[in-house]
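Along the sequence shown, residues carry numbers from 1. Just follow the structure's listing: the first ligand is 1, and inside any ligand the first atom is 1.
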Amino acid sequence: MAGNWKMYKTPAEGKTFVRSLAQRIGTVEHAVVVVAPPFTGLSAAVDAALGTSVSVAAQNVFWDEQGAFTGEISPPMLTSLGVRWVIIGHSERRLLFGETDQGVARKVRAALDHGLLPILCVGETEEEREAGLTEERLASQVSKGLADVRPDEAQLLTLAYEPVWAIGTGKTATPEIAQEAISFVRGRVAAALDPEAAQVIRILYGGSVKPDNIGELMVQADIDGALVGGASLDVESFAAIVEYPR
Ligand code: PGA
């Protein structure tokens, strides 16, 4: 269960959040709980998460270790803070900041090379769905995004299927639509890596996940968890998602 805070929360707010969340959920055995603060909040969040059931993700990473890349953050910069996870290729990065499938693949490779666990996001836009291009888009994002990954690395990898039309819109994909797309994504992982990798890899659903729809999403056969935006900004609602009815 991963919370993507996007461009919300100062370091102090993030620290308070992580402390309260950790206290509220206690020891969690059925799920891995991850929060993704903005870069400036990572250090404070990692400190607050020490010794708790919460771990910390960055929202992006660059592929080189160092160099003349103004504004970028490298994998060793994240691992040296104690960050374990990184979201890669979120649709906001792709649509607003020009990220390409090739760049996403390089980021996934660089993350794995430095011991960061990637959460690779894929998903179609509303126009693509309406034009019947959903599968084509997902197939291309999965095969290109995983181009440099080996099948034996599947257990280190998490995919997130996030239909762009469901992000921050309140329009959740129905559990059936989410299941259908995620089952398709799993099939593409089998083609890109191998069938065993497709079973091992974790696939999350993201897009307007809330405490009141998490249960019906999680009963779907291929949905292993959720990437949560808006509802992860509030301790009570994120805790309710982590503790979804099982
Ligand atoms: P949302 O965002 O839960 O606010 O729809 C999901 C995401 O962008 O990861």
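With a 4.0 Å cut-off on non-hydrogen atoms, C121 does not touch ligand 1 at all. The part of N4 lying near ligand 1 is the side chain, judged by heavy-atom distances below 4.0 Å.
Here the heavy atom of the protein found nearest to atom 3 (O) of ligand 1 is G229 N, 2.8 Å. With hydrogens left out, the protein atom closest to atom 4 (O) of ligand 1 is G230 N, 2.9 Å, a heavy atom. Annotation: atom 7 (C) of ligand 1 to nearest protein heavy atom, E162 OE2, 3.2 Å.
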>> Using the rule given for side chain to side chain donor-acceptor pair (under 3.5 Å), can you reason through Y161 versus E124, listing the C-alpha separation, both sets of side-chain angles and the distance that settles it, and then say yes or no?
In response: CA-CA 9 Å; Y161 166 65; E124 81 286 1; 2.9 Å; yes
> Between T158 and D224, does a side chain to side chain contact (heavy atoms under 4.5 Å, CB included) hold up when you go through it step by step?
Replying inline: CA-CA 9 Å; T158 303; D224 299 320; over 6 Å; no
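Counting the atoms of ligand 1 from 1 in the order shown, those under 4.0 Å from a heavy atom of S208 are 1 (P), 3 (O), 5 (O). Close contacts of ligand 1 with G207, meaning ligand atoms under 4.0 Å from a residue heavy atom, involve 5 (O).
Residue contacts with ligand 1: G206 is excluded, as none of its non-hydrogen atoms falls under 4.0 Å. Residue contacts with ligand 1: K6 is included, with a non-hydrogen atom under 4.0 Å away. Taking a 4.0 Å cut-off on heavy atoms, A166 registers as neighbouring ligand 1.
Considering V86, L42, L50, V18 in turn, L42 is the only one that fulfils the side chain to side chain contact (heavy atoms under 4.5 Å, CB included) rule with V56. Of the candidates E72, H90, K107, K107 is the only one forming a side-chain hydrogen bond (donor to acceptor under 3.5 Å, both in side chains) with N60.
A single hydrophobic cluster is seen to contain both V104 and L204, as judged by linkage of ILVMFWY side chains at heavy-atom distances under 4.5 Å, directly or through other members.
Pairs of residues two or more places apart, or lying in two chains, that qualify as side-chain hydrogen bond (donor to acceptor under 3.5 Å, both in side chains) and include a residue from residues 36-55 are S55-W85.
Ring orientation note: the planes of F238 and F17 are tilted relative to one another, at an angle of 30° to 60°. Classification of the F69-F62 ring pair by plane angle, with boundaries at 30° and 60°, yields tilted.
Ligand 1 has a nitrogen or oxygen under 3.5 angstrom from a nitrogen or oxygen of H90. At least one N or O atom of G168 sits closer than 3.5 Å to an N or O atom of ligand 1.
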